[in-house]
Amino acid sequence: MDGTGTREEERLPVTRRIPTYVWTFLALVTGLAAGGLLPGPLAPVADATSVLIAWVVAVVPLLILAALSPAIATLVKGAGLPGASPGQSSSGTSSRRPSPGSSPS
């Protein structure tokens, strides 16, 4: 602003107007080209990437199990068998004790 109340239009730099996916694609192509042209100097990077991917592959199933454990515990604790009511055991009889004052059925 110049103090008169008018505002000059601000333009973004060219690098800010390029979409993120274009930068990602350029980084991928650059990395592939660098790996093809300089395999020796980039060997430690390839080894580190391989170790990281192996670690992620080993840990992800444990994370999935940890995320699903509460739901599995609820299912096991709840009905027990498919089609059974939550208060019903596998033999078909009720596992709940009768409430005080109710007649046995």
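In terms of the side chain to side chain contact (heavy atoms under 4.5 Å, CB included) criterion, residue partners of P13 (sequence neighbours excluded) are, by chain and number, T15, R16. P61 pairs by the side chain to side chain contact (heavy atoms under 4.5 Å, CB included) definition with nothing, not counting sequence neighbours. The side chain to side chain contact (heavy atoms under 4.5 Å, CB included) search around I72 returns L68, V76, not counting sequence neighbours. Applying the side chain to side chain contact (heavy atoms under 4.5 Å, CB included) test to I53 and every residue at least two apart in sequence or in another chain returns T49, V57.
Hydrophobic cluster membership differs between L63 and L65, with clusters built from Ile, Leu, Val, Met, Phe, Trp and Tyr side chains linked at under 4.5 angstrom.
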Give the table of side-chain donor-acceptor pairs shorter than 3.5 Å for residues 24-46, with sequence neighbours excluded, one pair per line with atom names and distance.
residue: T24; atom: OG1; partner: T20; partner atom: O; Å: 3.1
residue: T30; atom: OG1; partner: L26; partner atom: O; Å: 2.7

